Structure formats: structure tokens, C-alpha cells
Asks: 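Got a structure here, written out as C-alpha cells. Questions coming.
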Amino acid sequence: MINITLPDGTVRQYEKGASSMQIAQSISEGLARNVLAATVNGEVWDATRPIHQDATLRLHTWQDKEGKAAYWHSSAHLMAEALEALYPGIKFGIGPSIDNGYYYDVDTGDTHLTPADLPKIEEKMLELARLKNQYVRREVSKQEAVDFFVEKGDEYKLELLEGLEDGSITFYSQGNFTDLCRGPHIPDTGVIKAVKLTSLAGAYWRGDEKRKQLTRIYGITFPKAQELKDYLDLIEEAKKRDHRKLGTELELFMFSEKVGQGLPIWLPKGTQLRERLQNFLRAEQEKQGYQMVVTPHIGGKNLYVTSGHYAKYGADSFQPIHTPREGEEFLLKPMNCPHHCEIFGHRPRSYRELPLRIGEFGTVYRYEQSGELHGLSRVRGFTQDDAHIFCTVEQVKGEFLKVLELTQMVIRKMGFENFTAQISLRDPEKPEKYIGSDANWEAAEKAIIEATAEVDMVTTTAYGEAAFYGPKLDFMIKDALGRSWQLGTIQVDYNLPERFELEYIGADNQTHRPVMIHRAPFGSMERFISILIEHTAGKFPLWLTPDQFALLPISDRLIPYCEEIRQKLGEHDIRGFVDERTESIGRKIRDTELKRVPIMLIIGDKEAEAGHVSVRRQGQGDMGSMSIDEFITWFQTQL
RNA sequence: GCCAGUGUAGCUCAGUUGGCCAGAGCAGCUGAUUUGUAAUCAGCGGGUCGGGGGUUCGAAUCCCUCCACUGGCUCCA
């Protein structure tokens, strides 16, 4: 008999060799029907795999991450089976599960797959799924595995086998398909009820651009047709909110072929939004002791030779700008930190000045590969909400705390609920990769961990993800559709102070090297606004939106009265415009609704006589009539 | 940069075996209407069919090339 410990702490006894599935059955039939996989002693296994020793057991269903992963990974195998049936001789790369579904990289030889081929693959998958074939695990010797794929002529699997050790190799089969696979898999194909192949893309074998490009087929599957429908609806909704579409519709920004790809042009409304956001951030930062600076858009080549960026990125950057005579070379500013280092270094600094917080909404230019550009989220010219904090190692934690608090406050003010961070630390195996003393690293890493704990921030920790020059923290938010976005970072840097030979005079009258903290909590205005547009579907918070109200006169003769109201509201810092078009009121309301102006003030004779406005909120409808003063008071409550 | 796809009026899109002067809706302009909570009516203007080259009697349509955009891959100080 073996002892199985369940998550609630209860221990049950089973025959040696019982599977998770059998254990689930002993608990409840219903549970057993839903089991997709199980974690046995910390390792995710097939639910059907026999357990031969005492173990802790956690059963996975569609409701949890591991269950979904097994389900989608098994779906990838099902797709492979369908592909093999439809395209004999097809070769397979890798086929993992991903956050939303799975993909399989395939080499179809001379056949060329197009999106039109996907429906018939979906059909085949459903047909095979209905057979309820079991996923069968089998341990094989390396020789046996090699023989199998030599016979099959699949060089990709053979290459994968090269990296595997004999004795650790398993095959999984379902129906007529057998694959090299570590598993785990779901019990059988019967639970795969809804299938959608979402896209087709090229992907380099093993992610290496020098190697052959395979066809990657993305798909997603669900246990219920309704779930697939919900998922597709979500995709539709995301399409409607796409910031590129809304940015054009709301006239926030544009692109121009002549100006150049990846170089956003901010239109008046977008500029208003952006400036308002910047002013807000600037005011909050100044409260925290930041000092704003402005530095030029180009910098001498030597600046970047000193910073080390020239050696590392020079070849892949916009190339130097040359002066006509003197043979000087300048680079478009790809980041603000070297300039800020010069600010720190331009005169002797005392420890009394630390932490010195130098902030700048600095516009930087980076050469991004053309295929990488995407709306406002990936561009070649953008403005960072940047600042560099020069401080002592002891001050790092306090500064992290302040940045965390600032960021949390701002994010909440924007209407985001779900805010987390990833802490990136050294790879403990490879200390030689990093610059800076062990003691400093330990202190900084500890400071980051403690600071995030103090502000109750949900974090994940990634070892080996730190930059060579210091540990960092990346902010993540989830938007209204549940999608995760990476915002900005806070990074500790031991490297630049070294390269720029930055020093301050300590209380001991000796010179010391400051630590530098890079921080841009929102990353860039462009990217942040793209996220904000999609999160709010263009319905920005009232304080931030370009036009807060539109005055809609029912007849042209009421325009002067509307103008009066506009003036009066302007005196109270409430901004908006009068719709002076000779159109029906229905038309004016419709157009204003579509422009996402949050408040409509409808003015007819009744209102003009009474000195009232009739208030309508975008997306909500009529709020009734009130006096101008009542409206002003009500407006303040809406902010 | 690589693979695949797309590119017709300001926007959304018709226009597929190559063939009359390339169409629609919305937007715009002009006129009429002066309107009570999501589209008033009528008329008009607007396109080198992404750019260039080629095949052809004839190209939005076929071929080559360049550009931009979309989805991925690689990259991201």
C-alpha cells in the first residue's frame, strides 16, 4: 500500500500502482471525469500514470493552469495527428501549450499551407477527437527513439533527441500518431470538443534566424463550444478596442509614410491627453523630490562610448549624424541616462545631496526592426517617463519604496486593478556574469524584495533575469480584458557610475561611488497610452479625457447661450466645446456618443429659460436637468 | 531583418476566367430643414486602384521590384 497526501492534508491509502485517476474515482466520479492531469510529488504527471510510492497529490482540471496546459499540449498532439493524416510525410518541430492554446511548428515540405487549409484541419481534429483515443505513455531507449525517427525521416525530432539522455526518453501515442514527448497528457481525446486554429506564421527552427523557417500553426481548444465562443467574442472585443483603430477614430495620433515608420505623430487631442498625463506625473514626482531636467535629442558619440552603449548597440542603432566640416559625430539619443550622468558629474557632489533624483520626459530614438513595429506600443521614437536616482546602497530600499508607491498610486488613478511585478535577480550559478561587488548585489536584491513586501505588491521572482549591471523590477498590469501588459522598470545600476566615474564626498570626507537607479514606471508615454486606450476602450477617465463635455444646442439660436455656459465652465476648469452644426439633436448625440465625450449637455429653450443644462452621460443616457451650479458641483463628484 | 498575408476616395468595403468613362455607405462641401436624448432630406465634389517597371490591342485584375501595414519569428539599452 502507498500513502497519498491530498492538498487538504488528508492521507489516504491505495494499492501500489494506483493512478491519480483511480484515486480521483475513489473520491468522486464527478471529479474523476474532470481530471486532466495531476501533480505527483511536485511533478506534473498523466492522470493515468501508476504511482508506486508514497506521494503528495494534486489533481488538475480545466479550472487550473496545469490542467489547461496538459489539455492544450494534448490538443497540439491531436492537431499533429490530423496534419499527418492530411499531409503524409509532414515533419514536426515542437508543439507546446502556451498561455492561450498551443502551437506546433511543422515542415510541410513542398506543400504550402494557407489559412484556407485550416478549417479542414479543424474538421479532422474533431473527427479524431470523437474517437476518444487514449494518450499512451511509453518509455523508450534512445536507440529505439532514434530508429523510429530515422525510419520516419524526421530530422527535427532526431535533433531534439541528441539533447536527451538515454533512460529519460518517453513517447506518447494516440490513435495513429506517436511523438517524442515528455508529457504530461490528458487521458483521452474525447474531452476536446471545440477546436479553432487561430493563425499561421513562420517560426525559425529552435528560434535561430539562421536556420530553416518552419510553419507555426496556432490553435486553441475547449471542452465546451460555449467557451470557444466566449473566447472568440473576447478576441472581437479586443479588436474593437485596438488602440490603432481608436487612435485614428478619436484623432489622437497618426502615422505618415513620409515621416517614417514607427514615428508617431500626436494630433491635438492626443497631445492634450498626453500632456495632461505628463503634468500629472510631473506634479506627483516633484512632490517626491524629483528635479526635472531637459537634455538634447542628440549626444556626442563619445558619450555613448563612455557609457558602453556604443560598443553594445552601436551597430544596430540609427547611424551617427555627421557635422558638415569638423568631422564630429553625434548619435540620436537612445536613452537619457548618459546625459543624466553628466548632470550628476558636472560639479562635486556631497552626500547631503543624495538621493539626487533627476527626472525627464526624455524623447529617445531606437532603431527597431521593421517587423517589430506596432502602433504606439512598439515605435522608433518615444518619450520615457524617465528618472535616474543617484544614491547610496543604504538608500536603495527607500527609493524603491517611493517609486513603488508612486506607481501604485498612479495606476489606481488610471483605473487599473490588477498590478504586479517581476523581480529579476542574479543567476546564483554564474556570479561572473555580473558587475559590482557581492555585498552590493545582496544588499540591493534584499532591498527590492523587502520594499515590494512592504507595499504588499504581488511579485514573481526570476533568477538569472537581472541585467549584468544590477537587479531590476518590472511592472505588469492586467487590463479590462484580462490581458497582461508589461509597463516600465526600476533597475539598480552599478555600471554607469563606474564608467562615468561618478563620485560624491561622504560624511567621512572621502570620495564614494553612488549607486544609480533607473526608473521609468510607465516605460513610455506612447506605450502606456496605447494600453490605456485599450483598457478604457477610448473612454478615458474624466480628469484625463481631452473634452469633458459637449454642449449640444437643440436649435441654432441657442448657440450664444451654450457659448456662455462653456465660458463659465471653463472658469471652473471644466473643458469642452459647443456643437455648432445645424443638425438634429439626435444626430449630435449620436456623434458625441461615438466620440466618447463623457458628458453631453443638451440645451433647449427650457434650459435656456431656467438657466439649466440637461445632462447626459456617455453610455448611460439622460441624467436629468440641473442648474449650472448644480452641474458644477455634480461634475466635481464625478472626477 | 525573416516567413506569410494585405494595400481601391478621409473611413469601412464592392469590383476575381484581363475589356464600356472604377462603384457603394459613411465622412466632406452646398442648399433646404431649426429639430428634445444614438443617424433630417436633396444635390455636388473627391480615386496616378500603395510607388515604379514589365507582359498585353487593352491591367485595379497577370509578372517583377520597392514601400507601408497586419499576424508571427528573431530582437528590445
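Note that the coordinates shown come from a computational prediction; the quantities given were computed from them, not determined experimentally.
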Asks: Donor-acceptor check, side chain of A:Tyr313 to backbone of A:Pro334, threshold 3.5 angstrom: yes or no?
Replies: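 No, because the side chain of A:Tyr313 does not come within donor-acceptor range (under 3.5 Å) of the backbone of A:Pro334.
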
Asks: Which nucleotide sits closest to the side chain of A:Ala203: B:C73, B:G36, B:A77?
Replies: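 Of the options given, the side chain of A:Ala203 lies nearest B:C73.
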
Asks: Taking atom P of B:U40 as reference, at what distance in whole Å does atom CD1 of A:Ile589 sit?
Replies: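 From A:Ile589 CD1 to B:U40 P: 11 Å.
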
Asks: With a 3.5 Å cut-off and no angle check, do the side chains of A:Thr383 and A:Thr363 form a donor-acceptor pair?
Replies: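 Note: A:Thr383 and A:Thr363 side chains meet the donor-acceptor criterion.
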
Asks: Side-chain donor-acceptor contacts of residues 469-476 of chain A below 3.5 Å, not counting sequence neighbours, with atom names and distances?
Replies:
unit_1   : atom_1 : unit_2   : atom_2 : d
A:Tyr469 : OH     : A:Gln491 : OE1    : 2.5
A:Asp474 : OD1    : A:Gln486 : NE2    : 3.3

Asks: To the nearest Å, give me how far apart CD (A:Gln491) and P (B:C76) are.
Replies: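 Computing the A:Gln491:CD to B:C76:P distance gives 13 Å.
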
Asks: With heavy atoms under 4.0 Å as the rule, sort A:His374 into base, sugar-phosphate or nothing.
Replies: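 Touches sugar-phosphate only.
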
Asks: Within the modelled atom types, does a donor on one side and an acceptor on the other bring the side chain of A:Arg378 and the base of B:C75 under 3.5 Å apart?
Replies: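 Present.
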
Asks: Pick base, sugar-phosphate or nothing for A:Leu214, based on heavy-atom distances below 4.0 Å to the nucleic acid.
Replies: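 Contact class for A:Leu214: none.
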
Asks: If you measure from the P atom in B:G7 to the same atom in B:G51, how many Å do you get, rounded?
Replies: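 Those two atoms are separated by 13 Å.
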
Asks: Should the side chain of A:Tyr204 and the base of B:G1 be counted as holding a donor-acceptor pair, with the cut-off at 3.5 Å?
Replies: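 By the distance-only test, yes, there is a pair.
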
Asks: Mark yes or no for a side-chain to base donor-acceptor pair under 3.5 Å between A:Glu607 and B:G36, with no hydrogen or angle criteria applied.
Replies: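 Indeed, a donor on one side and an acceptor on the other fall under 3.5 Å apart.
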
Asks: Indicate whether OP1 or OP2 belonging to B:U35 is found under 4.0 Å from a side-chain N or O atom of A:Ser584.
Replies: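 Negative; the distance criterion is not met.
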
Asks: Under 4.0 Å, counting only non-hydrogen atoms across every strand here, what does A:Gly586 touch: a base, just sugar-phosphate, or nothing?
Replies: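 The residue A:Gly586 makes sugar-phosphate contact but no base contact.
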
Asks: Using the C1' atom on both, measure B:U17 against B:A9 and round to a whole Å.
Replies: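 Result for the C1' pair: 28 Å, nearest Å.
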
Asks: Rounded to the nearest Å, what distance is computed from the NZ atom of residue A:Lys312 to the P atom of nucleotide B:C75?
Replies: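 Taking atom P of B:C75 as the reference, NZ of A:Lys312 is at 12 Å.
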
Asks: Within the sub-3.5 Å range, which N or O atoms of nucleotides 66-69 of chain B have a protein N or O partner, and how far apart are they?
Replies:
unit_1 : atom_1 : unit_2   : atom_2 : d
B:C67  : O2'    : A:Glu257 : OE1    : 3.4
B:A68  : OP1    : A:Gln261 : OE1    : 3.2
B:C69  : OP2    : A:Gln261 : NE2    : 2.4

Asks: Evaluate the ring planes of A:His77 and A:His73, with Trp represented by its six-membered ring, and classify them as parallel (under 30°), tilted (30 to 60°) or perpendicular (over 60°).
Replies: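 Judged by the thresholds at 30° and 60°, the geometry between A:His77 and A:His73 is perpendicular.
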
Asks: Are the ring of A:Tyr313 and the six-membered base ring of B:A77 within the stacking cut-offs of under 5.5 Å and under 30°?
Replies: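 Yes, the aromatic ring of A:Tyr313 stacks with the base.
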
Asks: Side chain of A:Arg216 only, please: which of B:A39, B:C73, B:U37 is the nearest?
Replies: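 From the listed options, B:C73 comes nearest.
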
Asks: Are A:Tyr218 and B:C73 close enough that a side-chain N or O sits under 4.0 Å from OP1 or OP2?
Replies: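 Yes, because at least one side-chain N or O of A:Tyr218 sits under 4.0 Å from OP1 or OP2 of B:C73.
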
Asks: What contact category does A:Asp208 fall into here, base, sugar-phosphate, or nothing, at under 4.0 angstrom with non-hydrogen atoms?
Replies: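 Since no nucleic acid heavy atom lies under 4.0 Å of A:Asp208, the category is nothing.
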
